[in-house]
*Asks:* 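Pasting a structure here, questions to come.
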Amino acid sequence: MSEEFRPRLHFSPAQGWMNDPNGLIKVDGVYHLFFQHDPGSINHGPMHWGHACSTDLVTWRELPVALYPNELGTCFSGTAVEGADGEIKLFYTAHRRIDDQDYQVQCLVHADQSLTTFRFDAANPVLDNPGLVCFRDPKVLWHEASKRWVMAVTHGQSIGFYSSQDQIDWHFESSFGEGHGRHSDGPWECPDLFPIMDSRGAEHWILIVGIGSGAYAAGSGTQYFVGQFDGSAFVNDNRPGTTLWLDYGRDFYAAQTFFDRQGAAPIVLGWASNWQYARITPTENFRGVMSLPRTLSLTETRQGLRLAQSLPPSVAAAFDASADPGVYRREVELPLTVGQSMNIALFGEHQPQFRVTRTAADEATILVIRSQTPAIPAFGHSYSVVAPFPKAGPLRLDIHVDRGVVELATADGLIWITQLFYPPPAGEHKLVGLR
Ligand code: FRU
C-alpha cells in the first residue's frame, strides 16, 4: 500500500517521518533541502534534520542525516545562509521539555562548502529564550542596507526580529503580527523573510508565516505579507485585516524559499500536509511529502502587489516527460457561461475533486472536494476558492498530478491549491471533465 502513495516528482524521504522544509539553500549550482525528520519512525518523534540535494529540482538524492539531537534538545526548524565570505551556517531551534514545558532556543551550526560536515557552535544557544513558550524556527538573512544579520523567529503569535553583526550576539529589534493577517490558538510558525523586485525593479519584502490551525481550508496553512523591511521592523503594505494565502489548499505548510547568493528569483517549497491528520496518513515506510518547488514573482493586481507562482522549467518538463499514467500536468480550458459548472475528476469518473462554476461574468468558484476516509477523520471536506474569470477567453487551470499529490494553479499563478489524495492505483488515473 505505502509505495503506491509515493509521488515521483515531489520529494519524500526513503524512510521515516518528514515535516517542514528547513535550511533551503543553493550552493555551487546544487539545491540543498534539509527537512524535519525522524529517521527511525514514521511519527513526529525526536527531530533531526534530514538532507537531500538536487541539481534540477526534480531528482533528489538523499544524503546522510545532517543534524542529530544533542544535550540542548532536538533539532526543530530553521534556515541556512551563505555569507559574502562563502561561509555556510545553519540556524535551528533546539527544543526540549523542562518541567513539562517546551523550552526553545536558537542555535548555530557551521557547515563546510559541500554541506557534508556540520559543527555545532560552542556558544550555543546563540539566542536564549526570552520567556516565550513558542520561540522557534529562525530565518536568518544578511540585510545589505543596514549591513547586519537579521533573524526572524516565532514569538508566540507574532514574529520577532533580531539583529547581529557576528551571528552570535543577537539583539531584539521589533515584532510584527498583532492585529495583522490570520491568527488562531497556536503560534505563528516558520517565518521566511526575503526581498523581491516588482516589474519596475523596486524592492519589496515578503514575510511568510504558517499557522498550524485556522487556515483558509481548515487546519494548517501559509499566509504572506507584502511590505517593507529596514533591517529592524516590518511594515505591512496592506490593511492589517487583509490575509493573503500563499496556497489555498489543505496541504501546503511551513513554506520556505531557497537562499541563493546569486540572487535568482526566489523558489518556494512547502510541506504538503496538514497537522490535522499528518500523523495518521496511510503510508508505511515514510510519512510526509514536499510540495513542488515554485518560482515566485510579484504581480500588480487591482488589490495591490501579490505573489504569483510558476513551476521552474525543469519541473514542468519532468511532468511533460513522465510515462507514468499517475504523473502528468494538463492545462484545462473552461469556456463556461455564467451559471454553468464543470466537474473535474482525476482518479476515475465516479468522484470529482474539483467543481468549477462561473458564478459571475468576471468570477469563477472552485469547489475542492475530498471524500471522507474513515481512517483519517479530518480528511474528507470541501471548500471553495474564488478566482477571477478572464475578460476574454476561457478560464485556465493548470493541474499537476503526481500520484495523490495534486497542485492546481489558476489566475496566472496568483492562486494555487495543493491537496493530498490517496487514490486508486495509477493505472486508473485519468483526467476527465464532467458536466
Ligand atoms: C511546524 C513546526 C515548527 C517546528 C517543527 C517541529 O510544522 O511545528 O514550528 O519547528 O514543526 O517539527
Side-chain angles (χ1 to χ4, degrees), residues 13 16-24 33-51 65-69 72-80 90-97 101-107 109 125 127 129 132-140 151-160 177 182-193 207-215 219-223 246-247 249-256 268-281 286-291 418 420:
W17 164 273
M18 176 176 81
N19 58 297
D20 315 351
N22 297 152
L24 303 182
L33 160 61
F34 297 93
F35 51 91
Q36 287 290 278
H37 189 37
D38 186 346
S41 104
I42 59 164
N43 293 305
H44 185 265
M47 283 297 103
H48 299 55
W49 275 31
H51 187 190
V65 167
L67 303 185
Y68 286 82
L72 287 175
T74 62
C75 305
F76 270 19
S77 289
T79 197
L90 311 183
F91 289 85
Y92 76 96
T93 299
H95 163 91
R96 67 191 146 130
R97 303 274 297 169
Q101 262 223 330
D102 288 352
Y103 190 74
Q104 301 175 339
V105 295
Q106 314 319 324
C107 294
V109 175
L127 181 54
N129 192 297
L132 292 161
V133 176
C134 295
F135 179 57
R136 58 178 185 255
D137 309 339
K139 163 75 190 191
V140 172
M151 180 190 291
V153 62
T154 288
H155 255 210
Q157 293 227 4
S158 300
I159 301 302
R182 186 70 68 91
H183 293 259
S184 60
D185 308 344
W188 272 16
E189 297 182 314
C190 301
D192 194 355
L193 176 71
L207 177 65
I208 292 179
V209 174
I211 50 173
S213 62
S220 325
T222 306
Q223 61 186 327
L246 196 54
D247 194 295
R250 201 96 181 277
D251 297 296
F252 188 84
Y253 196 55
Q256 293 284 302
V268 73
L269 186 138
W271 173 44
S273 195
N274 191 311
W275 280 117
Q276 280 195 330
Y277 44 74
R279 295 176 170 89
I280 52 170
T281 52
F286 73 102
R287 192 176 266 144
V289 301
M290 292 302 178
S291 77
T418 302
L420 287 182

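Predicted model only: the values in this text are computed from it and were never measured. We use all heavy atoms of the structure for the numbers below, so side chains are in, but hydrogens, waters and symmetry mates are not. We count ligands from 1, going down the list as the structure has it; atoms in each ligand are counted the same way.
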*Asks:* Under 4.0 Å from a heavy atom of F76: give me the atoms of ligand 1 that qualify, with their elements.
*Replies:* 4 (C), 6 (C), 10 (O)

*Asks:* I'd like to check which ligand 1 atoms, numbered from 1 as shown, lie under 4.0 Å from a non-hydrogen atom of M47.
*Replies:* 12 (O)

*Asks:* I'd like to know if the side chain of Q256 and the backbone of C190 have a donor-acceptor N/O pair within less than 3.5 Å.
*Replies:* yes

*Asks:* Which residue holds the protein heavy atom closest to atom 6 (C) of ligand 1, what is that atom called, and what is the gap in Å?
*Replies:* Q36 OE1, 3.2 Å

*Asks:* Please write down residue, atom name and distance for the protein heavy atom closest to atom 4 (C) of ligand 1.
*Replies:* D137 OD1, 3.5 Å

*Asks:* For ligand 1, does A254 get within less than 4.0 Å through its side chain, its backbone, both, or neither, judged by non-hydrogen atoms?
*Replies:* neither

*Asks:* Taking the side chain as everything from C-beta on, heavy atoms only, tell me whether V289 gets closer than 4.5 Å to L420.
*Replies:* yes

*Asks:* Hey, are the side chains of M47 and N19 touching, using non-hydrogen atoms and a 4.5 Å cut-off?
*Replies:* yes

*Asks:* Name the closest protein heavy atom to atom 8 (O) of ligand 1, giving the residue it belongs to and the distance to 0.1 Å.
*Replies:* E189 OE2, 2.9 Å

*Asks:* Considering the heavy atoms of Y253, write down every atom of ligand 1 situated less than 4.0 Å from one of them.
*Replies:* 1 (C), 7 (O)

*Asks:* Answer yes if the side chains of R287 and N43 hold a donor-acceptor pair under 3.5 Å, and no otherwise.
*Replies:* yes

*Asks:* Looking at side-chain heavy atoms only, is the closest gap between Y68 and C75 below 4.5 Å?
*Replies:* no

*Asks:* Can the ring centroids of F135 and H155 be said to lie less than 6.0 angstrom from one another?
*Replies:* yes

*Asks:* With heavy atoms only and a cut-off of under 4.0 Å, state how T93 meets ligand 1: side chain, backbone, both or neither.
*Replies:* neither

*Asks:* Check whether W17 reaches the backbone of G40 with its side chain - one donor and one acceptor, N or O, closer than 3.5 Å.
*Replies:* no

*Asks:* Please list the nearest protein heavy atom to atom 2 (C) of ligand 1 with its residue and the distance rounded to 0.1 Å.
*Replies:* D20 OD2, 3.3 Å

*Asks:* Using a strict cut-off of 4.0 Å, indicate which atoms of ligand 1 neighbour a heavy atom of H44.
*Replies:* 6 (C), 12 (O)

